[in-house]
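Shown next, in structure tokens, is the structure this report addresses.
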Amino acid sequence: MTKRILITGSTDGIGLETAKLFAKNGHEVILHGRSQEKLTAAEEAIKVSTPDAVVSGFIADFSSVPAVNAFADEIISHFDHIDVLINNAGIFRTSHTTTADGLDIRFAVNTIAPWVLTQRLLPLLGKTGRVVNLTSAAQAGVDSDAFLGKKPLDAMDAYSQSKLALIQWSRHLANALGKEGPVIIPVNPGSLLATKMVKEGFGVAGKSTSIGAQVLVDAALSDTFANASGRYFDNDVGQFADPHPSALDEAQVQETMRILKSLV
């Protein structure tokens, strides 16, 4: 059955490779990027291998909550349903670490934006949809002051904490929705894959992005993930696993949820 799949941050890296795989298998793909130039290039790259691909693209800056909401409004106005939302957009190293609202940009893009977008699109996803959240093997307990932009962090600390917070809200929302909402899966697609983020952050070429793309396709479509809402999948070991202990600490999860709700 053909699915309609929205992938954020899909103009390069794992996001684009995943979009190519879905399109090749006949699914409709909705791309997201930060510029029309990149979106156009991504669409052209998909149609090189799949000329009849059904693909569209939308622009949004995920460091801004109003921009994420405007993006959600566009999606809602254009589509009556979405089968899969893949929250892939992320940021690691940047020269500008603070947003216009005074938040740490790593938390804004990696944690807050996917939370806002998922909340807004729940009605389109319904009970049978899936939300796949790209997290990382890099995970660290969340510092509330850093989350709120009151304490500076270096790139790795901010990235690790923001990805842990993503797991926290994934598990929390999965539990809250139960069978009334979509399946929500936090996934580490694989460490040190050949993305722009890895090249800029670690100065290494990295492993093939196809490793990450394939597990995202599986998480979106395969029966293996159908009844695994809230469970963390670690592609480094190829199975569901326990995340960092802070993701399982109810007091810390509640603090993360309190902050998220206060920001949006």
Side-chain angles (χ1 to χ4, degrees), residues 4-23 28-48 53-79 82 84-121 124 131-136 149 155 158-159 162-163 165-166 189 193-202 206 209 212-213 216 263-264:
R4 178 180 289 149
I5 300 154
L6 168 58
I7 310 171
T8 69
S10 43
T11 56
D12 57 29
I14 297 172
L16 179 55
E17 288 303 311
T18 305
K20 289 178 179 178
L21 282 179
F22 282 125
E28 179 181 353
V29 179
I30 307 168
L31 304 176
H32 154 259
R34 292 192 61 181
S35 73
Q36 187 58 55
E37 180 182 9
K38 289 185 176 181
L39 280 172
T40 300
E43 289 184 36
E44 291 175 350
I46 291 170
K47 295 207 171 188
V48 166
V54 179
V55 55
S56 55
F58 296 84
I59 301 170
D61 175 3
F62 274 20
S63 69
S64 162
V65 170
V68 176
N69 275 310
F71 174 75
D73 288 339
E74 277 197 281
I75 298 299
I76 291 167
S77 69
H78 279 82
F79 305 100
I82 292 172
V84 182
L85 167 62
I86 299 181
N87 286 310
N88 167 70
I91 190 170
F92 175 48
R93 195 175 299 280
T94 176
S95 57
H96 303 289
T97 60
T98 305
T99 70
D101 298 324
L103 298 173
D104 184 299
I105 196 169
R106 282 71 56 105
F107 278 101
V109 175
N110 300 345
T111 308
I112 300 168
W115 164 258
V116 173
L117 184 60
T118 300
Q119 290 291 316
R120 291 293 312 280
L121 298 185
L124 270 65
V131 178
V132 181
N133 287 335
L134 265 74
T135 181
S136 171
Y159 181 78
S162 67
K163 290 299 187 180
L166 181 61
L193 302 183
T195 63
K196 181 172 64 176
M197 186 184 299
V198 166
K199 292 172 185 176
E200 292 176 350
F202 299 96
T209 53
L216 297 186
L263 294 173
V264 297

message: Check this for me, if you would: do K47 and E44 make a salt bridge, where the nitrogen-to-carboxylate-oxygen distance has to be below 4.0 angstrom?
response: no
- request: Mind checking ring-ring contact (aromatic ring centres under 6.0 Å, His included) for H96 and listing every partner two or more places apart, or none if nothing turns up?
  value: none
Rounded distance (nearest 0.5 Å) linking atom CD1 of I112 with atom CG of L263: 5.0 Å
message: Using 0.5 Å steps for rounding, measure from the CG atom of L39 to the CZ atom of R34.
response: 12.0 Å
- prompt: Which residues pass the side chain to side chain donor-acceptor pair (under 3.5 Å) test with Q36, sequence neighbours left out?
  reply: T40
- prompt: Is the shortest heavy-atom distance from the side chain of L31 to the side chain of I46 under 4.5 Å?
  reply: yes
query: Between atom CZ of F92 and atom CD1 of I105, what is the distance when rounded to the nearest 0.5 Å?
result: 14.0 Å
task: For residues G9 and H32, report the shortest heavy-atom separation together with the two atoms involved.
output: N-ND1, 2.8 Å
- prompt: Checking D104 side chain against G149 main chain: does a donor-acceptor pair fall under 3.5 Å?
  reply: no
statement: Rounding to 0.5 Å, atoms CG (L117) and CG (L6) come to a distance of 6.0 Å
field: For A108, all residues meeting side-chain contact (heavy atoms from CB on, under 4.5 Å), sequence neighbours excluded
entry: T99
field: Under 3.5 Å side-chain donor-acceptor pair for N87 and T118
entry: yes
field: Residues that S63 engages under side chain to side chain donor-acceptor pair (under 3.5 Å), provided they are two or more places apart
entry: D61
- prompt: Below 4.5 Å, heavy atoms only, C-beta onward: do F62 and I91 meet side chain to side chain?
  reply: no
Partners passing side chain to side chain donor-acceptor pair (under 3.5 Å) against S162 (at least two apart in sequence or in another chain): N110
field: Contacts of type side-chain contact (heavy atoms from CB on, under 4.5 Å), residue S64, not counting sequence neighbours
entry: P66, A67
message: As an exercise, state the distance from NZ of K163 to OG1 of T111, rounded to the nearest 0.5 Å.
response: 7.5 Å
Steps toward side chain to side chain contact (heavy atoms under 4.5 Å, CB included) verdict (I7, I5): CA-CA 6 Å; I7 310 171; I5 300 154; 3.9 Å; yes
Within-4.5 Å side-chain heavy-atom neighbours: I30 and I75: yes
- request: Applying side-chain contact (heavy atoms from CB on, under 4.5 Å), name anything that partners D73, two or more places apart in sequence or on another chain.
  value: R120
message: Any heavy-atom pair between the side chains of F22 and I86 that's under 4.5 Å?
response: yes
query: What heavy-atom pair brings T8 and N88 nearest, and what distance separates the two atoms?
result: OG1-N, 2.9 Å
message: Any non-hydrogen side-chain atom of L134 less than 4.5 Å from a side-chain atom of L216?
response: yes
message: What I'd like to find out is whether the side chain of L16 reaches to under 4.5 Å of the side chain of T11, using heavy atoms alone.
response: no
side-chain contact (heavy atoms from CB on, under 4.5 Å) partners for T97, two or more places apart: T94, R106
- request: Sequence neighbours left out, what passes salt bridge (charged side-chain N to carboxylate O under 4.0 Å, His left out) with E43? Give chain and number order.
  value: none
message: Testing the basics here: between S136 and Y159, what is the closest heavy-atom pair and its distance to 0.1 Å?
response: OG-CE2, 3.6 Å
message: With side chain to side chain contact (heavy atoms under 4.5 Å, CB included) as the criterion, how do S56 and F79 come out once you've worked through the C-alpha distance, each side chain's angles and the decisive distance to 0.1 Å?
response: CA-CA 11 Å; S56 55; F79 305 100; 3.7 Å; yes
